[in-house]
Each structure stands twice: as structure tokens, then as C-alpha cells.
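Right, one structure below, let's go through it.
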Number of protein chains: 2
Amino acid sequence: MKPSTSIQDYLKQIYELTENGSPASTNDLARELNIKPASVTGMIQKLASEKPALIEYQKHQGVTLTSAGKKAALEVIRHHRLLETWLVQTLGYSWDEVHEEAERLEHVISEDFERRIAAALDHPTRDPHGELIPTADLKMPLDDSTPLSALRKNQTGKILCIKGADADLLRHLDELGLTPNTMIEVTDYSPFDHNLTIKVGKKNHVLGLSITSKIFVEEK
Amino acid sequence: MKPSTSIQDYLKQIYELTENGSPASTNDLARELNIKPASVTGMIQKLASEKPALIEYQKHQGVTLTSAGKKAALEVIRHHRLLETWLVQTLGYSWDEVHEEAERLEHVISEDFERRIAAALDHPTRDPHGELIPTADLKMPLDDSTPLSALRKNQTGKILCIKGADADLLRHLDELGLTPNTMIEVTDYSPFDHNLTIKVGKKNHVLGLSITSKIFVEEK
DNA sequence: TGTAAAATTTAGTCTTGCCTAAATTATTTT
DNA sequence: AAAATAATTTAGGCAAGACTAAATTTTACA
């Protein structure tokens with residue numbers, strides 16, 4: 001049976017917190033979901049005792065997704081990213097506005113709806129932020145991007161993805177023209193503070209690590 | 001604050017059951033909402049004691065909407081009908097498929113989303129079934145349609161709306177070409193059983209009262 | 001290594017919205 | 001008008017999913 005909206009939110013969040021390979025802690029989950037840690041423990045115990053189990057869990061050790069849990073998480077993430085793409089393309093949302101709307105819609109659309117928007121968008125592989133969209137058979141495509149912070153003077157690339165930016169930063173990057181699919185060139189690098197000077201269009205911008213580590217590019 | 005999904009469903013249903021002018025009974029609500037009558041009583045008491053009250057209620061007398069309740073109901077109905085229109089126009093749903101999808105989406109879309117689809121559709125006044133769409137300021141437009149069953153031999157009209165048909169009947173009417181905006185002519189009337197012979201395109205169909213009373217036309 | 005701080009879990013409570021069973025009120029039939 | 005039936009309400013319960021306060025475990029640091 002289809003997991004509740006709450007459970008879908010937990011699974012999605014666990015997926016994201018465990019992408020680095022390490023288990024997700026009760027506290028991290030609580031922070032990300034805006035829920036008290038005690039409540040998270042309760043839900044964790046429930047998810048671990050579902051059959052089939054959706055997460056792997058041992059007291060005080062954090063949680064990881066089982067394959068059933070990962071599948072359910074990817075389903076929600078696919079919904080979310082297809083919806084964002086579609087809202088931007090068909091209703092003129094800007095890429096920094098769509099998140100909240102998709103956050104609510106992702107839980108209620110049918111598989112039929114999912115198929116229809118995927119087809120209407122011609123089966124996109126990345127959403128407006130550049131995040132990879134899980135495939136229809138619920139696999140996450142391989143990510144071939146590099147953080148902009150890893151580039152050095154004279155290297156060029158195409159922006160693929162902006163990760164982990166809040167609404168303010170998204171708007172700021174939009175104003176600078178730093179959006180997915182834009183070509184950029186590193187015109188200077190400061191080894192001291194890791195600042196990069198980036199040429200985008202005809203303008204140069206000096207960006208610190210807190211920004212360049214959130215921009216992912218395909219090196220050319 | 002925004003009413004819960006459950007409350008929105010109650011209000012929408014009460015709106016529809018009271019369109020005839022008489023209050024909605026506990027039993028009718030229970031039947032339409034697939035909920036037990038005892039549960040309906042509980043919710044009714046809650047809705048009547050909200051401030052401001054959303055319904056008018058006296059024990060054993062049925063319920064009607066207050067103006068606050070009607071406003072909330074029209075908001076949901078506007079969402080539903082705009083969504084149906086939009087799903088049909090942009091995602092190729094057929095008019096007999098959209099109901100369920102809209103039923104879930106109507107509760108989660110933002111006012112911004114509502115404005116965007118209304119604008120994208122050029123502010124339609126009727127949904128794919130022909131039902132009137134409440135205006136942006138939450139008034140229900142006047143209905144200028146007549147039941148097809150009231151027409152007699154040689155009268156002609158344009159189909160405006162199909163009301164209260166289940167999925168089977170919707171598909172059947174679709175096959176006969178009896179969809180909103182179609183021109184029809186009454187070529188015969190049987191006073192005995194109230195059957196009407198209707199010419200639609202080049203074909204004639206004999207329709208009983210159970211069908212003609214669900215088709216609403218603009219008489220020409 | 002022992003202790004303080006941080007993280008986690010347990011225990012008990014609350015709200016929402018549904019349920020069943022039983023009691024009450026209204027309506028219909030004889 | 002009384003009896004039978006139908007509609008409605010009351011009472012008591014349950015599951016989901018959140019909360020607070022208190023107990024426990026783990027980790028970190030002196």
C-alpha cells in the first residue's frame with residue numbers, strides 16, 4: 001500500500017541524508033523535517049518494523065534505507081523533480097519558486113499523472129535546479145558533475161546543477177546568470193581563500209567557497 | 001486558517017447537497033462521503049462550533065452553509081473545476097477520467113497555482129463536464145441552462161453540461177457524441193414514457209428521462 | 001578515566017477523524 | 001394514537017502522528 005504523506009517525507013529525507021554513504025541520525029532527521037527528535041524515534045521504529053522493512057535501524061546507530069525504502073523514496077523524488085520541471089515549463093514558475101508547490105503535490109499525484117507529465121516533458125533527466133530525476137523504473141542516474149570549486153584558472157564548463165541553496169541564494173544566482181545550462185569560465189583562482197573569478201556571459205564574478213561548492217558543472 | 005482536507009470535503013459536499021435549497025441530512029452526507037452517519041454527526045458539531053461557524057446546525061434538522069462555509073466550499077469547487085479543465089487541456093486526460101485526480105489535487109494547490117492555471121486557460125467559466133466554475137472572488141455564476149428533458153419536438157439547443165453522471169454513463173455519452181458544446185435537435189417526443197429522440201450530428205438517439213434529465217442545454 | 005554534554009529513547013499525552021454499539025428522537029404505518 | 005421503522009446522536013475506542021518531560025546511552029573532553 002502507498003505510504004502516508006508523513007512516511008514519504010521521512011523516506012525522502014533519509015535518502016538525501018544518506019547519499020554521502022553514512023546513516024542518517026535521529027537529530028538530523030528531526031532538524032530537516034521540523035519535527036522533535038522524540039517523534040522521529042517513534043516513526044523510525046515504525047518504519048523498521050513494517051513488512052517489508054523500509055529502513056535498517058539499530059538503536060543509537062542511525063538509519064539507512066532498505067531496497068524497498070529506497071524504491072519508495074525514489075518514487076517521491078521522481079514525482080517532486082518532474083513536478084518542478086513541469087511547473088516551470090508550463091506555468092511559468094521561476095526555478096526558485098517551485099519547491100513548496102511540488103512539496104505538496106508530490107504526495108497526491110497518480111502514477112498516470114506522473115507518466116503524462118514525463119511524456120509531455122519528453123522524459124527529462126534533470127529538474128530546473130539541475131538535480132537528476134530518477135528514471136521510471138526508479139533508478140537514480142549516475143552523476144557526472146564536478147563541484148565548481150574544483151575548477152582552476154582557464155578551465156571552462158557548463159553549469160549542470162545548483163545544490164543545497166536556499167531561496168535567497170537561488171535568487172542571487174539567478175541575477176548573476178548562474179543557472180543550469182549556462183557556460184562559464186574560470187578566469188582567476190586565489191589559492192589563499194579559494195575564491196574563484198568566474199566569467200559568465202561578458203561579466204566576471206568573484207565567488208567564495210560557500211557558493212562554488214554548491215554549483216556543479218560538466219567540465220569541458 | 002486553511003481547513004483540513006476532510007473539512008474541505010464536507011463543505012464541498014454540503015454545498016452540493018444544499019443547492020436545491022433544503023438542508024443536507026446526516027445520512028445523505030454519510031452516503032456521499034463514504035463515512036458512517038455517527039462520524040458525520042461528530043464533524044458537523046465541530047464545523048458548527050468553529051469561529052466563525054462554517055455551517056448552521058440544529059439537532060435533527062440537517063445543515064446549511066454559513067457565508068464563511070460557502071466561501072470555503074466555493075474555493076474548493078473552483079480548485080476542482082479549474083484542475084479538471086486544465087488536466088484535460090494540457091495533459092490529454094479525457095473528460096471522464098479527470099475527476100479522481102482533481103479530487104486529490106484540489107486540496108493541496110496554492111492560490112498562486114490557482115491563479116496561474118486560471119490565467120493559462122484564459123479564465124474559463126465551465127469545466128469539461130460543463131459545470132460552472134466559481135469566479136476568482138468566489139461567487140457562483142448564474143446558471144442559464146435547461147434540462148434536455150424539458151425540450152420538445154423541433155426544439156434545438158447546445159449542450160452545456162452533464163450533471164450527476166457516473167463514469168459508465170460519461171463514457172456512453174461520449175460515444176454518442178453527447179458532450180458539452182455539441183448542437184442537438186429534438187426530432188421526436190413520446191408523451192407516454194417521456195423518451196426523447198435526439199439528433200446529434202447525423203444520427204438519432206432515443207433517450208429516456210434518466211439520461212435527458214442529466215443533460216443541460218442552452219435552448220436556441 | 002571520569003564526568004559533562006549531547007544524542008537518543010521511553011513514557012505518557014494530545015488532536016484529528018474515523019469506527020461500532022447503544023440510546024434517543026422523528027417519521028411512517030397501521 | 002400506538003407501534004414499528006428510520007434517522008440521528010451519544011458514548012466509548014482506535015490509529016496516526018505529533019508533543020513534552022524524564023530516563024538512558026553515547027560521545028567528548030578535561
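Convention: sequence-line order gives letters A, B, ...; per-chain numbering from 1.
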Practice prompt. Using side chain to side chain donor-acceptor pair (under 3.5 Å) as the criterion, list what pairs up with A:D112, not counting sequence neighbours.
Written response: A:R116
Response to the item:
So salt bridge (charged side-chain N to carboxylate O under 4.0 Å, His left out) across residues 55-79 of chain B, not counting sequence neighbours, yields B:R78-B:E114
Worksheet item: With A:R171, which residues qualify under side chain to side chain donor-acceptor pair (under 3.5 Å), at least two apart?
Response: A:D168
Practice prompt. Report the residues that fulfil ring-ring contact (aromatic ring centres under 6.0 Å, His included) with A:H107, sequence neighbours left out, ordered by chain and then residue number.
Written response: none
Worksheet item: Mind checking whether B:F113 and A:Y93 have parallel, tilted or perpendicular rings, split at 30° and 60°?
Response: tilted
Practice prompt. Report yes if a side-chain nitrogen or oxygen of B:Y10 is closer than 4.0 Å to either non-bridging phosphate oxygen (OP1 or OP2) of C:dT16; otherwise report no.
Written response: no
Discussion item. Give the residues of residues 17-45 of chain A touching DNA chain D, defined as any heavy atom closer than 4.0 Å, sorted by residue number.
Written reply: A:I35, A:K36, A:A38, A:S39, A:M43
Item to complete: Look at the side-chain N and O atoms of B:S6 and state whether any lies under 4.0 Å from the OP1 or OP2 oxygen of C:dC18.
Response: yes
Practice prompt. Rounded to the nearest angstrom, tell me the gap between atom NZ in B:K46 and atom C1' in C:dT15.
Written response: 8 Å
Under 3.5 Å, which donor-acceptor pairs do the side chains of residues 119-139 of chain B form with other protein atoms, sequence neighbours left out?
| from | atom 1 | to | atom 2 | distance (Å) |
| --- | --- | --- | --- | --- |
| B:R126 | NH1 | B:G130 | O | 2.6 |
| B:R126 | NH2 | B:D144 | OD1 | 3.4 |
| B:D127 | OD1 | B:H129 | N | 2.8 |
| B:D127 | OD1 | B:G130 | N | 3.0 |
| B:D127 | OD1 | B:E131 | N | 3.0 |
| B:H129 | NE2 | B:E84 | OE1 | 3.0 |
| B:H129 | NE2 | B:W95 | O | 3.3 |
| B:T135 | OG1 | B:D137 | OD1 | 2.5 |
| B:T135 | OG1 | B:K139 | N | 3.1 |
| B:T135 | OG1 | B:K139 | O | 3.2 |

Worksheet item: Using a heavy-atom distance cut-off of less than 4.0 Å, which residues of residues 54-66 of chain B contact DNA chain D?
Response: B:Y57, B:K59, B:H60
Worksheet entry | With B:E19 via side chain to side chain donor-acceptor pair (under 3.5 Å) - residues at least two apart | none
Worksheet item: Between which nucleotides of DNA chain D, 5' to 3', does chain A make heavy-atom contacts below 4.0 Å?
Response: D:dA16 to D:dT26
Worksheet item: Which residue pairs satisfy the salt bridge (charged side-chain N to carboxylate O under 4.0 Å, His left out) criterion with at least one member in residues 206-215 of chain A, sequence neighbours excluded?
Response: none
Practice prompt. Would you mind listing every salt bridge (charged side-chain N to carboxylate O under 4.0 Å, His left out) that reaches into residues 29-52 of chain B, with sequence neighbours excluded?
Written response: B:D28-B:R31
Response to the item:
Hits for side chain to side chain donor-acceptor pair (under 3.5 Å) against B:T197, two or more places apart or cross-chain, chain-then-number order -> none
